[in-house]
Structures are given as structure tokens and as C-alpha cells.
Asks: 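What follows is a single structure, and I will ask about it in a moment.
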Amino acid sequence: MKLSQRVQHLKPSATINIAAKAKQMVANGEHLISFGVGEPDFPTPPHVIDACIEALQSGKTTYTAAGGIRELKEAITRKFDRENGLTYSPDQITIGMGAKHMLYTLFQAILDPGDELIVLEPYWVSYPEMIKLAGGVPVIISCREENQFRISINDLRHAITPKTKGIILNSPHNPTGVVYRKDELASIAKLCLENNMLIISDEIYEHFVYGTKHISIASLSEDVKKHTIIINGLSKSHAMTGWRLGYAAGDAQIIKAMGDLTGQSVSNAVTFVQYAAIAALDGDQNALKHVVAEYEARRCYMLERLGEFPGVSAVTPTGAFYIYLNVRELMGKLGYQDVAAFSEALLQEAKVVVIPGTAFGTADHIRLSYATSMQNIEEGLNRLHQFIQRSTVAHEKN
Ligand code: PMP
Ligand code: GLU
């Protein structure tokens, strides 16, 4: 059977695939240290699990409305009010199977063949592929490292064409850890409004900020809010990656279309998970404070240790839980041609998992996730250091 053109051109998700490969190697008895997939290493809070069990036991096991249950939509509106100073009505909220599904559905809802969406590089792996699956064209703007991986408004201005439908922003950012300031968001928003563009704001890492504040671009003004669709979910904030619960907020017409698409694809987000999500959003958020403090300590430790490694550098991340490490000089010294080969050598020889930057559109970097225990981080960095020393000696001998 000949596969569709769409699928023939589809690049599988590097983050998901590398995570699966690492899990398989562990199952085969390898002792790996993973800086790979971005997945909180803390358990889902117990009160959320209790709420899920209660929902199951009380028969919350049938279909719901496609866009989700009213009670959860209301809990999400309370979250926006409390945490982002944003007022939404339930008909401006839709619920699906993870932020990823919400992005996928949004692109299906707004893109016609040839429509352009601006994507900032480095970008999260799935944006360009999902845009292409919807028939759209990802227009990639490079956010240069010299500019601390921040957008240049001039580059943005030049990328806008009559076909531009919108832009995807992701702050705090995966993989660079960049968190946009209010003045930067205001400049982006101004240009978007002038060009009648939709702002897609992926805020999945909003709580993971260190010494800085997350600002939702939608909170800048009522006008900006009208042009913004916020994408968020519980995967990171409540350590619920496997539960698959995401949501979107914004223009009621787009939100309704997204719900209709959910209805014709997966029907609805898992019913008892929706009930558990109410407990997650309405319940005590203290666990998160503890998690963020722990990530902050790991981030500091990693930056300090990596600062002593030869031939590597990183733009200091102030958000998310990744370090985007530039290894160009190191690869040159050790004789590696590309980050894919370098990452594979790290896996095979040092038993350390990283994601090659090519997954995010850049050739000189590896992404290290610090969503893993301090003990693993210490061991992983020791291995990385030894790998560099061994390879340097071996390369000099040749
Ligand atoms: N956006 C970004 C930037 C991400 O890193 C991820 C990965 N968790 C997602 C969206 C999707 O998250 P999920 O589908 O697990 O809610
Ligand atoms: N977003 C996480 C990452 O970038 C999880 C994997 C995925 O959804 O791609 O590693």
C-alpha cells in the first residue's frame, strides 16, 4: 500500500522516538542517564489521582461533549483569572488530549493550503510538522544565538506576507529556556495586530521560570487578547504527561471549530481525566512551588558544571527545564561532523541521552533536559566529562 504524500513527508517526533529508544535500552539492562525527553520526574499529585479514582468509581466513564465538560471549562476560566489576569467565558475554552492535540486541532481549524504560519527557530519539534499536516507552510525565522535566541522584530517584519495567518510564540521556550519580557511581547503584539495576524501562544511551561516572571501576551490588552489563542495543559504543571490533558482559550468561533474537530477525531479528552483535571486546577498548588524550586537548583548546578567543560557554551535559560548547549567547538575538537553522530556517540559510549539540536532546527546544539533527579544529573555530567576527556585523548592520538 502506498502511503499518503502527507505521511511520506512526515518526520517522526525526535523527542518521542529518542525517549522510546532510551526506555528500550533500559529494559535491555543498560544503565542510561537521560537528559532526553522533557517530562517532569515528579509524581502526579495524590489528590489528582484520588479525584480520578473517584470519577471512575462514580461512573464518569462515558463520552462527554466534544470540547470537554462544562465544570472543567469553568475551572480553566478560574485558572486564567487567578494566574494570568485573563477573563474567558466557557465558550472560549476547549479541551483535548494534551497541548499537542490542541495545537494540531488549531492548525487544522485555521489553515488552508498555502497559508503561512511564522515559527521561531529553534522551535519545538512538532510545530513545523503539524503545520504541514494541515496544508500550511511553516515560515521559519532564525532567532540567533548572538541575540540570546530572542526574536528580532525586524526579521519578523520581513517574514510577513499577504499569506501570513499568524505566529507561534512559546515562552518560556523549549528548547532554549528564553522567557520573553513585557516590552518584547508588546512589540510582537503590535506588529501582529497591524497585520491582522493570529498569535498562538504556547504557555505550557508558564510556571517554570527562574528569577523572572511569565507574562501571557493575551494579558497586554483586550485587543491583543482577541487576536490570541492560548495553548496550555497539565503535562508539565501537574506532572501529567501520560494523562493527555490540554486546553486552548480564545476566539469562540475558532474554539468551536476546534471542538468540532475533536468530536470528529477522538470524540473527547478522556472523561475521568477531565474530572481529575478539575482537582488539579482547583486544588492546592503548593507541590508545584516545591518542584520549581528543585528545578531551579538543578539548573544552577548544571550551568555551573557545564561552565567548566571545554568547548561548550549556553545562553542562560530563565525558563522551562532545558539547557540548549552549543557544542560546535567541542565537536570540532573531537572530530564529529554533526550533532546526530555526536549524540549517538554519547548514547553508545557514555550511556547519556540527549536530543540533537537538528530536531529543533539548529546544527550546533544538544538539548539537555534537567527534569531528572540531581543524582542523575551529577552522574550524567560526570559521564559527559569523562567522555570529553577520553575522546580528546583518542582524537589527539589519531
Ligand atoms: N508545547 C511544547 C513547547 C512542548 O514542549 C510540549 C511537550 N510537552 C507540548 C507543547 C505538548 O505537551 P502535551 O501534549 O504533553 O500537553
Ligand atoms: N515536549 C517534550 C519534549 O520536547 C515531550 C516530548 C514531546 O511531546 O515531543 O521533550
Side-chain angles (χ1 to χ4, degrees), residues 10-23 34-41 44 68 76 94-107 117 119-131 138 143 149 167-180 200-209 214 229-249 258 262 266 269-270 273-274 276-277 280-281 295 317 319-324 343 353-362 365-372:
L10 179 69
K11 273 195 242 147
S13 164
T15 43
I16 296 289
N17 276 7
I18 291 170
K21 183 174 169 184
K23 277 188 182 146
S34 180
F35 294 115
V37 75
E39 170 159 69
D41 57 313
T44 301
I76 293 168
T94 192
I95 296 154
M97 306 207 57
K100 194 181 245 176
H101 175 232
M102 291 291 85
L103 286 161
Y104 185 91
T105 310
L106 173 60
F107 300 152
L117 264 193
V119 174
L120 308 184
E121 180 191 87
Y123 45 75
W124 178 49
V125 265
S126 299
Y127 296 147
E129 294 307 306
M130 291 199 280
I131 292 169
C143 294
F149 289 125
I167 181 171
I168 308 178
L169 288 182
N170 172 218
S171 175
H173 186 259
N174 175 8
T176 63
V178 166
V179 180
Y180 278 104
I200 300 163
S201 184
D202 179 344
E203 304 185 7
I204 191 103
Y205 295 100
E206 67 172 327
H207 298 104
F208 300 90
V209 285
H214 163 75
I229 299 281
I230 296 179
I231 302 288
N232 210 330
L234 301 186
S235 284
K236 317 287 168 173
S237 58
H238 295 79
M240 290 172 69
T241 48
W243 298 63
R244 312 307 306 128
L245 200 290
Y247 54 89
M258 290 172 69
T262 297
V266 296
V270 176
V273 170
Q274 292 189 53
L281 291 172
Y295 282 14
F321 35 67
Y322 307 106
I323 293 176
Y324 207 48
S343 305
V353 184
V354 300
I355 310 283
T358 38
F360 311 99
T362 72
H365 304 85
I366 55 174
R367 189 191 76 176
L368 304 174
S369 158
Y370 48 90
T372 186

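Just so you know, ligand 1 is whichever comes first in the structure, and atom 1 is the first atom listed for that ligand.
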Asks: Would you mind listing which atoms of ligand 1 come within a distance below 4.0 Å of any non-hydrogen atom of Y127?
Replies: 3 (C)

Asks: Find all atoms of ligand 1 within a distance of less than 4.0 Å from any non-hydrogen atom belonging to G98, and give their numbers and elements.
Replies: 14 (O), 16 (O)

Asks: Answer with side chain, backbone, both or neither: which part of F321 has a heavy atom less than 4.0 angstrom from an atom of ligand 2?
Replies: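 It is neither part, as no heavy atom is under 4.0 Å.
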
Asks: For ligand 2, does I16 get within less than 4.0 Å through its side chain, its backbone, both, or neither, judged by non-hydrogen atoms?
Replies: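 Side chain only; the backbone of I16 stays clear of ligand 2.
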
Asks: Under a 4.5 Å cut-off applied to non-hydrogen side-chain atoms, are L120 and I167 in contact?
Replies: yes

Asks: Distance under 4.0 Å to a non-hydrogen atom of K236: what atoms of ligand 1 satisfy this?
Replies: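 Near K236, meaning under 4.0 Å from one of its heavy atoms, ligand 1 has 7 (C), 8 (N).
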
Asks: Which bit of E39 gets closer than 4.0 Å to ligand 2, counting heavy atoms only: side chain, backbone, both or neither?
Replies: neither

Asks: Among T176, N174, T15, which residue satisfies the side-chain hydrogen bond (donor to acceptor under 3.5 Å, both in side chains) criterion with R367?
Replies: N174

Asks: Heavy-atom distances under 4.0 Å decide this one: backbone, side chain, both or neither, for N174 against ligand 2?
Replies: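 Side chain only.
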
Asks: Kindly say whether G38 contributes a backbone atom to a donor-acceptor pair with the side chain of K236 at under 3.5 angstrom?
Replies: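 Yes, K236 side chain to G38 backbone: donor-acceptor pair under 3.5 Å.
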
Asks: Which atoms of ligand 1 are found less than 4.0 Å from any heavy atom of N170?
Replies: 3 (C)

Asks: Does the residue R244 have a heavy-atom contact with ligand 1, meaning some pair of atoms that are separated by less than 4.0 Å?
Replies: yes

Asks: So, for Y205 and Y295, is the gap between ring centers shorter than 6.0 Å?
Replies: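 Between Y295 and Y205, which both carry aromatic rings, the centre distance is not below 6.0 Å.
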
Asks: Is there a side-chain contact between M102 and T262, using heavy atoms and a 4.5 Å cut-off?
Replies: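 Yes, close enough: below the 4.5 Å cut-off.
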
Asks: Please determine whether any non-hydrogen atom of F321 lies less than 4.0 Å from an atom of ligand 1.
Replies: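 No, that is not the case, since the closest heavy atom of the residue is not under 4.0 Å from the ligand.
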
Asks: Donor-acceptor check, side chain of H214 to backbone of G319, threshold 3.5 angstrom: yes or no?
Replies: no

Asks: With heavy-atom distances below 4.5 Å as the criterion, would you say the side chains of L234 and L281 are in contact?
Replies: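 Heavy-atom side-chain distance check passes, below 4.5 Å.
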
Asks: A side-chain contact here means heavy atoms from C-beta on lying under 4.5 Å apart; do M97 and Y104 qualify?
Replies: no

Asks: Applying a strict 4.0 Å limit to heavy atoms, is T241 in contact with ligand 1?
Replies: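 Per 4.0 Å heavy-atom rule, T241 does not contact ligand 1.
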
Asks: What protein heavy atom lies closest to atom 7 (C) of ligand 2? Include the residue and the distance to one decimal.
Replies: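 Among all protein heavy atoms, the one nearest atom 7 (C) of ligand 2 is T15 OG1, 3.5 Å.
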
Asks: Does the ring centre of H365 sit less than 6.0 Å away from the ring centre of Y322?
Replies: no

Asks: Show me which atoms of ligand 2 lie under 4.0 Å from any heavy atom of V37.
Replies: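 Reading through ligand 2 atom by atom, the close ones are 5 (C), 6 (C), 10 (O).
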
Asks: For atom 1 (N) of ligand 2, which protein heavy atom lies nearest, and how many Å away is it?
Replies: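 The answer is W124 NE1, 3.4 Å.
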
Asks: To the nearest 0.1 Å, how far is atom 8 (O) of ligand 2 from its closest protein heavy atom, and which atom is that?
Replies: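 It is K100 NZ, 3.3 Å.
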
Asks: Just so I know, are the side chains of F321 and D41 near enough to count as touching, which here means a heavy-atom distance under 4.5 Å?
Replies: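 Counting from C-beta outward, F321 and D41 never come under 4.5 Å.
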
Asks: Which of the numbered atoms in ligand 1 are below 4.0 angstrom from a heavy atom of Y205?
Replies: 3 (C), 4 (C), 5 (O)

Asks: Answer with yes or no whether S235 contacts ligand 1, where contact means a heavy atom under 4.0 Å from a ligand atom.
Replies: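 Yes; S235 lies near enough to ligand 1 that a heavy-atom distance drops under 4.0 Å.
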
Asks: Looking at S13, is its backbone amide N or carbonyl O close enough to the side chain of E129 to form a donor-acceptor pair, meaning the two atoms are under 3.5 Å apart?
Replies: no

Asks: Heavy-atom distances under 4.0 Å decide this one: backbone, side chain, both or neither, for A99 against ligand 1?
Replies: both

Asks: Does H101 reach ligand 1, in the sense of a heavy atom lying below 4.0 Å from it?
Replies: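 Judged by the 4.0 Å heavy-atom criterion, H101 does not count as contacting ligand 1.
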
Asks: Strictly distance-based, threshold 3.5 Å: is any side-chain N or O of H238 a donor or acceptor partner for the main-chain N or O of A280?
Replies: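 Yes; at least one donor-acceptor contact below 3.5 Å.
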
